[in-house]
Amino acid sequence: MSGIKGVVILTRFEYIENNYGKDKLIEIIEKIDFDNKRRLKQPIGVSKEYSENLLSEIDKLILSEYFGNDVKMFRKLGCWNAPKLVGRYMQILIDEKSPDSFLRQMIFMRPILFGLGDLQIVEIEKNVYELSINYGQPFIPSVMESELGFIEEGCRICGAENVELEICDVGERKIEFIIRWKDVN
């Protein structure tokens, strides 16, 4: 995958620092075995694009060192990350308690926040949506899991209760899932 936004890498690092400490973050950065490691010594640009190989290397270390090789933990990381970004970029949707508007807004925000691929949304019925993320190339499971967590938690932050996410199909380049919730009122 090309075109991973710097914000994705930064949030991984912030998660490690906040949950395990600055020394553990330094250890992770020192362990990264990547030709372009020098790019991490420079400030990471939030909207700058980075290679999937770099993210893959970072996620492999996080997976083995902190997540006990459980890739589903990246969903927890996505949930942890959502309040920071949704609150920063979509505060009006939080105030309006509008999870459906959050999903629609993600179509436009996804290229800014994540970078690769596109998102399609179909309303099946009130509070039930089918989503499809086409990454446009093979993707690593950690990317999918963290994005699912982000979307799930984003809906909660914007007022959804009892959010359920059901994965329908995972392909080499694409994932399809259904998300549903109860009204806040």
Side-chain angles (χ1 to χ4, degrees), residues 1-12 14-15 46-47 49 52 55-56 59 62-63 67 70-185:
M1 283 181 274
S2 59
I4 299 285
K5 295 294 183 177
V7 70
V8 176
I9 293 171
L10 288 172
T11 56
R12 301 283 202 269
E14 188 178 345
Y15 181 86
V46 172
S47 62
E49 292 188 351
E52 181 264 343
L55 181 63
S56 178
D59 283 357
I62 292 171
L63 187 64
F67 290 175
D70 181 2
V71 76
K72 297 266 187 220
M73 288 293 293
F74 281 96
R75 194 171 303 187
K76 182 178 177 182
L77 185 149
C79 288
W80 174 88
N81 184 32
K84 294 158 186 41
L85 296 177
V86 175
R88 185 174 297 152
Y89 297 110
M90 301 179 211
Q91 184 62 45
I92 193 167
L93 304 178
I94 296 170
D95 295 344
E96 293 175 351
K97 297 195 181 317
S98 184
D100 54 329
S101 294
F102 164 76
L103 291 177
R104 289 185 188 94
Q105 187 64 29
M106 280 302 297
I107 294 170
F108 304 106
M109 291 298 293
R110 205 174 166 287
I112 295 165
L113 296 175
F114 297 101
L116 53 111
D118 67 343
L119 172 67
Q120 294 180 356
I121 298 171
V122 175
E123 184 175 6
I124 298 174
E125 59 186 68
K126 186 177 189 233
N127 300 341
V128 180
Y129 291 82
E130 183 176 3
L131 287 80
S132 173
I133 301 171
N134 185 340
Y135 291 95
Q137 58 192 46
F139 61 90
I140 52 179
S142 57
V143 168
M144 177 193 75
E145 290 294 343
S146 61
E147 188 166 5
L148 290 176
F150 183 89
I151 290 170
E152 185 179 338
E153 189 65 20
C155 286
R156 279 190 200 98
I157 293 167
C158 291
E161 289 185 359
N162 300 321
V163 178
E164 295 177 13
L165 197 139
E166 174 189 341
I167 297 174
C168 301
D169 187 37
V170 178
E172 182 179 285
R173 301 170 184 268
K174 181 176 171 179
I175 178 171
E176 295 175 354
F177 59 100
I178 293 174
I179 192 163
R180 59 178 57 86
W181 63 84
K182 290 185 179 178
D183 275 330
V184 176
N185 303 332

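None of the values given here were measured: they were computed from a predicted structure. In this chain, residues are counted from 1 in sequence order.
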Notebook entry, point to check: Step by step, would you call Arg110 with Asp118 a salt bridge (charged side-chain N to carboxylate O under 4.0 Å, His left out)?
Noted result: CA-CA 7 Å; Arg110 205 174 166 287; Asp118 67 343; over 6 Å; no
Check: Between SG of Cys155 and CE of Met106, what distance do you get to the nearest 0.5 Å?
Finding: 9.5 Å
Next item on the list: Would you mind reporting whether Leu103 and Leu131 have side-chain heavy atoms less than 4.5 Å apart?
Entry: yes
Notebook entry, point to check: CD1/Ile179 to CD1/Ile124 distance, rounded to the nearest 0.5 angstrom?
Noted result: 11.5 Å
Check: So do the side chains of Asp169 and Ile175 get within less than 4.5 Å of each other, counting heavy atoms only?
Finding: no
Item checked: Spatial distance of atom CG (Asn127) from atom CD (Glu161) [nearest 0.5 Å] -> 11.0 Å
Notebook entry, point to check: So Lys182 and Glu164, salt bridge (charged side-chain N to carboxylate O under 4.0 Å, His left out) or not? Walk me through it.
Noted result: CA-CA 9 Å; Lys182 290 185 179 178; Glu164 295 177 13; over 6 Å; no
Notebook entry, point to check: Excluding sequence neighbours, so at least two apart, what forms salt bridge (charged side-chain N to carboxylate O under 4.0 Å, His left out) with Arg156?
Noted result: Glu152, Glu153
Margin query: Once side-chain hydrogen bond (donor to acceptor under 3.5 Å, both in side chains) is applied, do any residues pair with Ser132, and if so which ones, sequence neighbours excluded?
Written below: none
Check: Partners of Glu176 by side-chain hydrogen bond (donor to acceptor under 3.5 Å, both in side chains), sequence neighbours excluded?
Finding: Lys174
Item checked: With sequence neighbours excluded, residues passing salt bridge (charged side-chain N to carboxylate O under 4.0 Å, His left out) with Glu130 -> none
Check: Of all residues at least two apart in sequence or in a different chain, which pass the ring-ring contact (aromatic ring centres under 6.0 Å, His included) check with Tyr129?
Finding: Trp181
Next item on the list: Let me see the working for Asn81 and Tyr15 under side chain to side chain contact (heavy atoms under 4.5 Å, CB included), right down to the final yes or no.
Entry: CA-CA 8 Å; Asn81 184 32; Tyr15 181 86; over 6 Å; no
Item checked: Which atom of Leu119 lies closest to which atom of Ile133, heavy atoms considered -> CD1-CG1, 3.7 Å
Notebook entry, point to check: Can you name the residues that form a salt bridge (charged side-chain N to carboxylate O under 4.0 Å, His left out) with Arg173, not counting sequence neighbours?
Noted result: none
Notebook entry, point to check: Taking all atoms of both residues into account, what is the closest heavy-atom pair of Gly154 and Val86, and its distance?
Noted result: CA-CG2, 4.1 Å
Note to self: Tell me if a side-chain donor or acceptor on Ser56 pairs with a main-chain N or O of Glu52 at a distance below 3.5 Å.
What the structure shows: no
Next item on the list: Report the residues that fulfil side-chain hydrogen bond (donor to acceptor under 3.5 Å, both in side chains) with Glu145, sequence neighbours left out, ordered by chain and then residue number.
Entry: Lys72, Arg75
Next item on the list: Hey, could you give me the CG/OG distance between Leu55 and Ser142, rounded to the nearest 0.5 Å?
Entry: 5.5 Å
Margin query: Is it the case that the side chains of Tyr135 and Glu172 hold a donor-acceptor pair, with the cut-off being a distance below 3.5 Å and no angle test?
Written below: no
Next item on the list: Compare every heavy atom of Phe139 with every heavy atom of Gly171, then report the nearest pair and how far apart it is.
Entry: O-CE2, 3.5 Å
Notebook entry, point to check: Is the shortest heavy-atom distance from the side chain of Lys84 to the side chain of Thr11 under 4.5 Å?
Noted result: no
Note to self: List the residues meeting side-chain hydrogen bond (donor to acceptor under 3.5 Å, both in side chains) with Glu166, not counting sequence neighbours, and say none if there are none.
What the structure shows: Arg180
Notebook entry, point to check: Is there side-chain contact between Ile9 and Arg12, with at least one heavy-atom pair below 4.5 Å?
Noted result: no
Checklist line | Residues that Phe74 engages under ring-ring contact (aromatic ring centres under 6.0 Å, His included), provided they are two or more places apart | finding: Phe67
Check: What's the shortest heavy-atom distance between Pro99 and Cys158, and which atoms?
Finding: CD-O, 3.1 Å
Check: Looking at side-chain heavy atoms only, is the closest gap between Leu165 and Leu148 below 4.5 Å?
Finding: yes
Item checked: Sole residue of Val71, Leu63, Val170 in side chain to side chain contact (heavy atoms under 4.5 Å, CB included) with Pro141 -> Val71
Next item on the list: Measure the shortest side-chain to side-chain distance between Asp100 and Ser98 over non-hydrogen atoms and say whether it is less than 4.5 angstrom.
Entry: yes
Next item on the list: Check whether any side-chain heavy atom of Glu14 sits under 4.5 Å from a side-chain heavy atom of Trp80, and report yes or no.
Entry: yes
